[in-house]
Undergrad: 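Right, I'll just put the structure down here and ask away after.
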Amino acid sequence: MKLVVVSAGLSVPSSTRLLADRLAAATGRYTSVDVQVVELRDLAVEIAHNFTSGFPGRALSAALEAVTEADGLIVVTPVFSASYSGLFKSFFDVLDQDALTGKPVLIAATGGSARHSLVLEHALRPLFAYLRAVVVPTAVYAASEDWGAEGLAERIDRAAGELGRLMEGLGSGAGAGAVRRADVADTADAAETADASVAVDTDTAAAIAPRALDGALASADRFTVIPFEQQLAALRP
């Protein structure tokens, strides 16, 4: 599987790139991946030209294609003014709006202070939720004092494991027809038929929505989706 790492670090060497490399290496311990790194620093001029001309240059076009075709993404940005960098945001602004739909993404950031760690939840996660990506539950933030300290390696490993398992689950589900529909002709019929049910393979379901399905999957190997009208009827006195 193809894993693309997008690093928005500006300096050389860069703590942002270092974190990106560690996350990629950790993911490789959970699933077999071919890693490609996209350094946004090298694409800054082409990204700016894309905004004014509407056409990507050769290097930017190759980077956008790599991200679009990836089986999974690791995205890492430095924190500027309590949010992701302008270069980081600009790259995803020129990416096709549907390119990340359903794609597993691990979000990470670096900064000078631990006080900026919430950037992962109030900036990065909403951005990739808007792009309809599947963001892994664990995000990784590395402040200056985290390098060499306890805890960072464990967070990297946990996030990488989630990404690797999600890539495996979505990859196998696509070829095996993991989502099965029983006694449902189409979506409209499913909404109108009170006794219709949808059976979902648990591995794929857990991969797509691990938080929402965690409790349901812990208690049963299969689950049934109850139509809305039937649920509503059960609430009426």
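Note that the structure is predicted; figures quoted are calculated from it, not measured.
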Undergrad: What residues form a side-chain hydrogen bond (donor to acceptor under 3.5 Å, both in side chains) with Ser7, not counting sequence neighbours?
TA: none
Undergrad: Please round to the nearest 0.5 Å and tell me the distance separating atom CD of Glu150 and atom CZ of Arg155.
TA: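 So the CD of Glu150 and the CZ of Arg155 are separated by 11.5 Å.
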Undergrad: Output all residues satisfying ring-ring contact (aromatic ring centres under 6.0 Å, His included) with Phe92, sequence neighbours left out; order by chain, then residue number.
TA: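 For Phe92 the ring-ring contact (aromatic ring centres under 6.0 Å, His included) partners, ignoring immediate neighbours, are Phe88, Phe128.
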Undergrad: Closest approach of Leu19 and Ala108, non-hydrogen atoms and distance?
TA: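 Shortest heavy-atom separation between Leu19 and Ala108 comes out as CD2-CB, 4.0 Å.
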Undergrad: Which heavy-atom pair separates Ala8 from Thr16 by the least distance, and what is that distance?
TA: N-CG2, 4.0 Å
Undergrad: For Arg22, which residues count as a salt bridge (charged side-chain N to carboxylate O under 4.0 Å, His left out) partner, sequence neighbours excluded?
TA: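 Applying salt bridge (charged side-chain N to carboxylate O under 4.0 Å, His left out) to Arg22 gives none.
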Undergrad: Out of curiosity, Leu87 CG to Leu40 CG, how far, rounded to the nearest 0.5 Å?
TA: 5.0 Å
Undergrad: Of the non-hydrogen atoms in Leu43 and Ala63, which two are nearest, and what is the gap between them?
TA: CD1-CB, 3.7 Å
Undergrad: Going by side chain to side chain contact (heavy atoms under 4.5 Å, CB included), name the residues that satisfy it together with Ala159, two or more places apart in sequence or in a different chain.
TA: Leu106, Thr138, Val140
Undergrad: Can you name the residues that form a side chain to side chain contact (heavy atoms under 4.5 Å, CB included) with Ala25, not counting sequence neighbours?
TA: none
Undergrad: How many angstroms lie between atom CG of Leu95 and atom CG of Leu131, to the nearest 0.5 angstrom?
TA: 7.0 Å
Undergrad: In sequence, state the C-alpha distance, the side-chain angles, and the governing distance for Leu100 and Tyr130, and then conclude on side chain to side chain contact (heavy atoms under 4.5 Å, CB included).
TA: CA-CA 10 Å; Leu100 300 186; Tyr130 172 78; over 6 Å; no
Undergrad: Output all residues satisfying side chain to side chain contact (heavy atoms under 4.5 Å, CB included) with Val35, sequence neighbours left out; order by chain, then residue number.
TA: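 For Val35 the side chain to side chain contact (heavy atoms under 4.5 Å, CB included) partners, ignoring immediate neighbours, are Leu3, Val5, Ala24, Val33, Val37.
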Undergrad: Do the side chains of Trp147 and Leu23 join up, straight or via other hydrophobic residues, at under 4.5 Å, putting them in one cluster?
TA: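 Shared cluster, yes.
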Undergrad: side-chain hydrogen bond (donor to acceptor under 3.5 Å, both in side chains) with Arg29: which residues, sequence neighbours excluded?
TA: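 side-chain hydrogen bond (donor to acceptor under 3.5 Å, both in side chains) list for Arg29, sorted by chain: empty.
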Undergrad: How long is the gap from OG1 on Thr52 to CD1 on Ile47, to the nearest 0.5 Å?
TA: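 Atom-to-atom, Thr52:OG1 and Ile47:CD1 are 12.5 Å apart.
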Undergrad: My understanding is that only residues two or more places apart in sequence, or in another chain, count here; which of them pass salt bridge (charged side-chain N to carboxylate O under 4.0 Å, His left out) with Asp34?
TA: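 Salt bridge (charged side-chain N to carboxylate O under 4.0 Å, His left out) check on Asp34 returns nothing, list empty.
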Undergrad: Applying salt bridge (Lys or Arg N to Asp or Glu O under 4.0 Å), which residue pairs with at least one partner in residues 36-59 are found, sequence neighbours left out?
TA: Arg17-Glu39
Undergrad: With hydrophobic residues grouped by side-chain heavy-atom distances under 4.5 Å, do Ile156 and Tyr30 end up in a single group?
TA: no
Undergrad: Looking at residues at least two apart in the chain, or sitting in another chain, which of them share a side chain to side chain contact (heavy atoms under 4.5 Å, CB included) with Thr101?
TA: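 Listed in chain order: Asp98, Arg132.
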Undergrad: Indicate every side-chain donor-acceptor pair of residues 66-84 with a distance under 3.5 Å to a residue at least two apart or in another chain.
TA:
| residue | atom | partner | partner atom | Å |
| --- | --- | --- | --- | --- |
| Thr68 | OG1 | Leu64 | O | 2.8 |
| Asp71 | OD2 | Lys2 | N | 2.7 |
| Thr77 | OG1 | Ser85 | N | 3.2 |

Undergrad: So, using salt bridge (charged side-chain N to carboxylate O under 4.0 Å, His left out) as the criterion, who are the partners of Lys89 when residues are at least two apart?
TA: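 Lys89: salt bridge (charged side-chain N to carboxylate O under 4.0 Å, His left out) contacts with Asp93.
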Undergrad: Is the shortest heavy-atom distance from the side chain of Pro104 to the side chain of Leu170 under 4.5 Å?
TA: yes
Undergrad: Can you tell me how far the CZ atom of Phe91 sits from the CG atom of Asn50, to the nearest 0.5 Å?
TA: 10.5 Å
Undergrad: Would the number of heavy atoms belonging to other residues, nucleotides or ligands and lying under 6.0 Å from CZ of Phe51 be above 12?
TA: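 Yes, because the 6.0 Å sphere around CZ of Phe51 holds more than 12 heavy atoms from other groups.
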Undergrad: Is there a donor-acceptor pair under 3.5 Å between the side chain of Glu121 and the backbone N or O of Leu118?
TA: no
Undergrad: Please report the shortest heavy-atom distance between Tyr141 and Asp146, naming the atom on each side.
TA: O-OD2, 3.7 Å
